[in-house]
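In listed order, ligands and their atoms are each counted from 1.
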Amino acid sequence: MSSKSILLIIGGGIAAYKSLELIRELSRRGIRSRCIVTRAGQEFVTPLSVSALSGEKCFTDLFSLDDEAEMGHIQLSRSTDLVVVCPATADLLAKAAGGHANDLASTTLMATDKPVLMVPAMNVRMWQHAATQRNVETLRNDGVTVMDPDEGAMACGEFGPGRLPEVLTIADEIEHQLSAKSGPKPLEGKHVLITAGPTREPLDPVRYLSNHSSGKQGYAIAGALAALGARVSLVSGPVAIPVPRGCDLVSVETARDMLKACEEALPADVFISVAAVADWRPAISASQKLKFKDEGKTLPTLSLSENPDILATISHKRKKRPELVIGFAAETHDVEDHAVAKMKRKGCDWIVANDVSGDVMGGANNEVALVTGDGVERWPLMDKESVARRLATRIVDKIGAADASQLAAE
Ligand code: C5P
């Protein structure tokens, strides 16, 4: 159990009631919440219910003689591990971005020396408004983490981005921030090997077979694990996204190059096979550009050869098999049944199963199920960063926890 605590600033929006669920979820995870409720926030939740759930006094006023005598706003802003604003309204984002300090919440945000996490929730037009987007960008440039809101039907009847993310997703993010930003990191000393992106299988010097993988999910996982202290080797096919901080990139094109790069990067404690590896390659890759339309010739037939299965190869290694091997299973139907069968066939320990019948490949969101020896865990639809953080938390539980407590004891 963690002995961490957050300072939770509850803003005035319809999503404020979910902050009560958040307090409970965090307390289940051993994280204490001390709360500030803004004046508008008190229209949606009462300080009494907040203090009953958090088990702590709830703060509301900047100029309260009682509060200032017990604990001033400066001390309040610093005697915590993380400041979380949830829901972060358009007004709170604007105040924080502009450096205003005219109430307890904004003053605390100005005075704190701790990391700040903002969880926005507002009407879709307010979220998309140029002023809000400008404020979010300013805050991110200032080092504040601003989560992206979920998309969907809103309390006001409109549809689009602006919904508060799922409480579990927010709790995951908070847990991630708490372990990433303080003390010994739970994956320090661990080496994680990850494949990501597509592979390209050349037909000739100018043509290739490939797929739509963007690399986003694999890169997000690599970044989340690096933030937790792991040494991350990211073996990637060609993609157009930046390498996450702290990851060592090995760029490859073909499946065979990818396998070779992975074998060279072993030993590793964890192997995660996120890449969309092309199952086949052209049997012959011409050294000169093929002429498909030569006069009098019929269309050529494309013969294929099977590519090595990187995940199965690493899973079945006798020597240097990583302690935890995780595969991905992209399916369009009977997702979980296929994933369980695939886990057995490939010899890996866990499978992250996802339904790619929608716009997952290249899209920002992913709805997955984690299949382990203990069963199937269905996760809600979330963005790929949230999937990455939740998977990273599971990996820490599996292989990082013992070492983290050892590190803490040293
Ligand atoms: O069989 P399927 O392609 O659905 O398996 C998906 C999993 O296997 C993914 O983890 C993918 O990275 C991995 N894979 C691989 N080498 C291949 C094909 C798939 O490592 N040739």
Checking the N or O distance criterion of under 3.5 Å, is ligand 1 in contact with [X]?
X: N307; answer: no
X: S273; answer: yes
X: K342; answer: yes
X: A275; answer: yes
X: F328; answer: yes
X: P308; answer: yes

### Per-atom contacts of ligand 1 with G327, taking only distances under 4.0 Å to non-hydrogen atoms
10 (O)
### Query
Taking only heavy atoms of L311, which atoms of ligand 1 are found under 4.0 Å from at least one of them?
7 (C), 8 (O), 10 (O), 13 (C), 15 (C), 20 (O)
Could you pull out the closest heavy-atom pair between [X] and [Y], with the gap in Å?
X: A153; Y: R163; value: O-NH1, 2.8 Å
X: L249; Y: S236; value: CD1-CB, 3.8 Å
X: A255; Y: E201; value: N-OE2, 3.0 Å

### Query
Should D172 and R390 count as an ion pair when the cut-off is N to O under 4.0 Å?
yes
Show every donor-acceptor pair shorter than 3.5 Å between a side-chain atom in residues 222-229 and any protein atom, with sequence neighbours excluded, or say none if there are none.
none

### Task
First locate atom CD1 of I36, then atom SG of C58, and finally report the distance between them rounded to the nearest 0.5 Å.
8.5 Å
### Task
Would you check if the side chain of R231 reaches a backbone N or O of A268 as a donor-acceptor pair within less than 3.5 Å?
no
### Query
Relative to atom 16 (N) of ligand 1, which among I310, D279, I272, I194 owns the nearest non-hydrogen atom?
I310
### Query
Is it true that K346 lies under 4.0 Å from ligand 1, counting heavy atoms only?
yes
